[in-house]
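To start, the structure itself, in structure tokens.
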Amino acid sequence: MILVTGGAGFIGANFVLDWLSASDEPVLNLDKLTYAGNPENLAALQGDARHVFVQGDIGDAALLPQLLAQHQPRAVVNFAAESHVDRSIHGPEDFIQTNVVGTTRLLQSVRAYWQGLGDAQRAAFRFLHVSTDEVYGSLGPGDEPNSPYSASKAASDHLVRAWHHTYGLPVLTTNCSNNYGPYHFPEKLIPLMIVNALAGKPLPVYGDGQQIRDWLYVADHCSAIRRVLQAGRVGEVYNVGGWNEKPNLEIVHTVCALLDELRPRADGQSYRSQISFVKDRPGHDRRYAIDARKIEQELGWRPTETFDTGIRKTVQWYLAHPDWVAHVQSGAYRDWVAKQYVG
Ligand code: NAD
Ligand code: TYD
């Protein structure tokens, strides 16, 4: 059994689905079901005894010890976080609460559980913390995390590291670039552009659209995490990236071109005509990129998707799942969830 936190969110749900398609080792999935958590992402696992879903907070110091004692996981993979930069600018407190306080409490609960394990299990145990390239800042000389989101994630990375150095907890950290793919909440760049384009709405490009991100297809991130969990050296940090640095405007043009091909507008115009340049995000980081040579050279991991193959799959997924989009946008999935999953 492994404990996955945040497994109803974008990457967490992809990870749980991927894990259970590749192995029979059960997953205990702990998720608070914030606006970003959607158990409908896990509908394919309904009735599957290998998946145990619990609605709860990583910072719940009463729930965690009980869950850990009951299910005896051999590893924790920590996805749970507040994850959207724009939301962190408007309301940073939730980010501190989950990403900093929540991670600390999770570390404390896991440490107590880990210390109580027998020798062999204690040695084999792993706590894998999933983090972001945004903690490195805007890649100027000596840059630091700049947004409330990236500052809170950097804090959590330091805490995870400290629990290793101070208490010996066997931790691993991955810092990954921007993910994209199925189940991505349509507040982030790529799904927002697809969904707005299809709805005939403006495609808001911040500033000049020349900010650069590195993009990784979510299934490749999942395989990287599996590989680090399996073979990563305790205490090490692994950068995960797609070797796909692109300016935002180019991403938006690519999405428009794919939609023009796969779902042309009735009036024959390109979706590009919906692009609207809007006021820039405050403190907007100009460039993120990742050097993923360490995970390649040490652990033999490489992404399998190119940006061209991954973005095509992504656009096709959104075209094939209008109900999912409608549900996450309306909030109706919460009622659906309440009936299906959460007792
Ligand atoms: P997401 O916002 O889609 O999902 C986060 C999940 O965590 C949701 O299901 C939410 O309900 C849950 N959650 C939030 N607070 C919680 C709490 N206190 N207790 C339990 N569950 C809680 O995020 P995502 O894009 O899937 O990102 C997952 C992780 O990967 C995050 O830690 C993020 O920092 C990291 N990351 C994301 C990206 C990216 O491009 N999306 C890139 C690198 C790293
Ligand atoms: P986002 O998907 O929010 O991820 P992050 O901020 O974590 O990198 O944004 C990706 C890039 O796209 C970022 O440079 C901001 C930009 N962006 C827009 O130009 N318009 C939008 O509507 C959004 C959501 C993002």
Side-chain angles (χ1 to χ4, degrees), residues 4-16 29-39 41-42 54-60 63-64 77-89 94-95 97-99 101-103 105-106 129-135 138 146-147 149-150 152-154 156-157 174-181 183-193 196 202-216 218 221-222 224-225 239-242 246-249 251-252 275-281 283-288 290 328:
V4 172
T5 72
F10 163 47
I11 307 174
N14 275 285
F15 181 82
V16 170
N29 187 346
L30 174 69
D31 196 294
K32 187 176 177 179
L33 299 183
T34 67
Y35 80 95
N38 179 2
N41 300 349
L42 302 158
V54 175
Q55 184 177 11
D57 194 311
I58 54 167
D60 186 335
L63 175 65
L64 263 293
V77 184
N78 183 33
F79 291 98
E82 288 293 335
S83 70
H84 187 37
V85 174
D86 293 318
R87 281 180 193 258
S88 82
I89 293 168
D94 286 349
F95 288 73
Q97 202 51 47
T98 284
N99 301 359
V101 179
T103 303
R105 293 205 182 132
L106 177 66
H129 179 62
V130 180
S131 192
T132 165
D133 62 356
E134 302 192 26
V135 301
S138 199
N146 291 311
S147 70
Y149 165 65
S150 56
S152 70
K153 286 297 288 187
S156 68
D157 294 10
T174 54
N175 291 90
C176 186
S177 56
N178 284 53
N179 284 214
Y180 66 101
Y183 306 114
H184 205 182
F185 196 85
E187 64 183 354
K188 307 280 169 64
L189 179 71
I190 289 177
L192 183 78
M193 295 299 149
N196 276 12
L203 309 179
V205 173
Y206 298 164
D208 61 5
Q210 293 309 313
Q211 304 84 0
I212 292 173
R213 300 289 182 266
D214 173 62
W215 294 92
L216 182 69
V218 63
H221 188 192
C222 294
I225 292 169
N239 288 337
V240 183
K246 291 187 190 297
N248 293 337
L249 191 58
I251 299 284
V252 178
I275 291 174
S276 160
F277 289 91
V278 299
K279 194 163 160 286
D280 208 352
R281 173 188 277 173
H284 199 169
D285 284 337
R286 200 68 187 162
R287 175 171 166 238
Y288 300 140
I290 207 93
V328 297

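Counting starts at 1 for both ligands and their atoms, in listed order. Since this is a predicted model, take the numbers as computed values, not measurements.
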| task | Would you check if Ile89 and Arg281 make a side-chain contact, meaning some heavy-atom pair closer than 4.5 Å? | result | yes

If the contact criterion is a heavy-atom separation under 4.0 Å, does Ala13 count as touching ligand 1?
no

The atoms of ligand 1 lying under 4.0 Å from a heavy atom of Ser83, numbered in the order shown, are 1 (P), 2 (O), 23 (O)

query = With a 4.5 Å limit on heavy-atom distance, are the side chains of Val85 and His284 in contact?
reply = no

Min over Arg286, His284, Gln211 of heavy-atom distance to atom 13 (C) of ligand 2 lands on His284

Can you confirm, on distance only, whether ligand 1 has an N/O atom lying under 3.5 Å from any N/O atom belonging to Ile58? yes

The answer for which part of Leu192 has a heavy atom under 4.0 Å from ligand 2 is side chain

Checking heavy atoms under 4.0 Å, the part of Asn178 that sits near ligand 2 is side chain

Under 4.0 Å between heavy atoms, the region of Lys153 that gets near ligand 1 turns out to be side chain

- Task: Consider ligand 1: state whether an atom of it lies below 4.0 angstrom from any non-hydrogen atom of Asp31.
- Result: yes

Going by the 4.0 angstrom heavy-atom rule, the piece of Glu187 near ligand 2 is backbone

Should Phe79 be counted as touching ligand 1, given the test is an N or O pair under 3.5 Å? yes

Residue, atom and distance of the protein heavy atom nearest atom 20 (N) of ligand 2 read Pro204 O, 2.7 Å

The atoms of ligand 1 lying under 4.0 Å from a heavy atom of Cys176, numbered in the order shown, are 42 (C), 43 (C)

### Task
Answer yes or no: is there a side-chain heavy-atom contact under 4.5 Å between Val130 and Ile11?
no

Counting heavy atoms under 4.0 Å, the part of Leu189 that contacts ligand 2 is both

Sidechain-backbone polar pair: Gln55 side chain, Lys32 backbone, donor-acceptor under 3.5 Å: yes

Open item on the list: With respect to His184, determine whether any N or O atom, backbone or side chain, lies less than 3.5 Å from an N or O atom of ligand 1.
Closed with: no

for atom 3 (O) of ligand 2, nearest protein heavy atom and its distance come out as Arg281 NH2, 3.0 Å

re atom 25 (C) of ligand 2, the protein heavy-atom contact at minimum distance is Tyr206 CE1, 3.6 Å

Per-atom filter on ligand 2: closer than 4.0 angstrom to a heavy atom of His84 are 3 (O)

One finds that the ligand 2 atoms under 4.0 Å from a non-hydrogen atom of Arg213 are 8 (O), 13 (C), 14 (O)

Check your understanding: Does Ser152 use its side chain to pair, donor to acceptor, with the backbone of Tyr149 at less than 3.5 Å?
Key -> yes

Atom 38 (C) of ligand 1 sits nearest the protein heavy atom Ile11 CD1, 3.6 Å

among protein heavy atoms, the one nearest atom 12 (O) of ligand 2 is Asn248 ND2, 3.3 Å

The atoms of ligand 2 lying under 4.0 Å from a heavy atom of Val85, numbered in the order shown, are 6 (O), 7 (O)

| message | Between Tyr288 and Glu134, is the side chain to side chain donor-acceptor pair (under 3.5 Å) condition met? List the steps. | response | CA-CA 7 Å; Tyr288 300 140; Glu134 302 192 26; 3.2 Å; yes

Salt bridge check: are Asp208 and Arg286 linked by an N-O gap of less than 4.0 Å?
yes

Rounded to the nearest 0.5 Å, the CG atom of Asn99 sits from the CD1 atom of Ile58 at a distance of 7.5 Å

Note: ligand 1 atoms sitting under 4.0 Å from heavy atoms of Leu33 are 11 (O)

d(Asn179 CG, Thr132 OG1) to nearest 0.5 Å is 9.0 Å

Any donor-acceptor pair under 3.5 Å linking the side chain of Asn196 with the backbone of Pro202? yes

ask   = Going by distance only, is there an N or O of Lys32 that falls short of 3.5 Å from an N or O of ligand 1?
value = yes

Ranked by distance from atom 44 (C) of ligand 1, the top protein heavy atom is Ser131 O, 3.0 Å

Thr132 N/O to ligand 1 N/O under 3.5 Å: no

Please report whether ligand 1 has a polar contact with Asn179, defined as an N or O pair separated by less than 3.5 Å (distance criterion only).
yes

* Asked: Is the shortest heavy-atom distance from the side chain of Pro204 to the side chain of Leu192 under 4.5 Å?
  -> yes

With nothing but distance in play, are any N or O atoms of Gly9 less than 3.5 Å from an N or O of ligand 1? yes

* Relative to each other, are the rings of Phe10 and His184 parallel, tilted or perpendicular (30° and 60° limits)? -> parallel

For Val205, the atoms of ligand 2 under 4.0 Å from one of its heavy atoms are 19 (O)

_Gly7 touching ligand 1 at heavy-atom level, < 4.0 angstrom_ = no

Note: ligand 1 atoms sitting under 4.0 Å from heavy atoms of Thr34 are 10 (C), 11 (O), 14 (C), 15 (N)

So the atoms of ligand 1 within less than 4.0 Å of a heavy atom of Val130 turn out to be 30 (O), 32 (O)

With a 4.0 Å cut-off on heavy atoms, is Tyr35 touching ligand 1? no

Worksheet entry | Sidechain-backbone polar pair: Thr5 side chain, Phe79 backbone, donor-acceptor under 3.5 Å | yes

Original post:
Any side-chain heavy-atom pair from Glu82 and Ser88 closer than 4.5 angstrom?
Top reply: no

query = Quick one: does Asn178 get an N or O within less than 3.5 Å of an N or O on ligand 1?
reply = no

Near Gly56 (heavy-atom distance under 4.0 Å), the atoms of ligand 1 are 19 (N), 20 (C)

In this structure, does ligand 1 have an atom that sits under 4.0 Å from one of the heavy atoms of Ala8? yes

Heavy-atom proximity to atom 15 (N) of ligand 1, picking from Thr98, Asp60, Thr103, Ile290, points to Thr98

With heavy atoms and a 4.0 Å threshold, my read on which part of Phe95 contacts ligand 1 is neither

_Polar contact flag, side-chain donor to acceptor under 3.5 angstrom, Tyr35-Arg87_ = yes

Glu134 heavy atoms within 4.0 Å reach ligand 2 at atoms 5 (P), 7 (O), 8 (O)

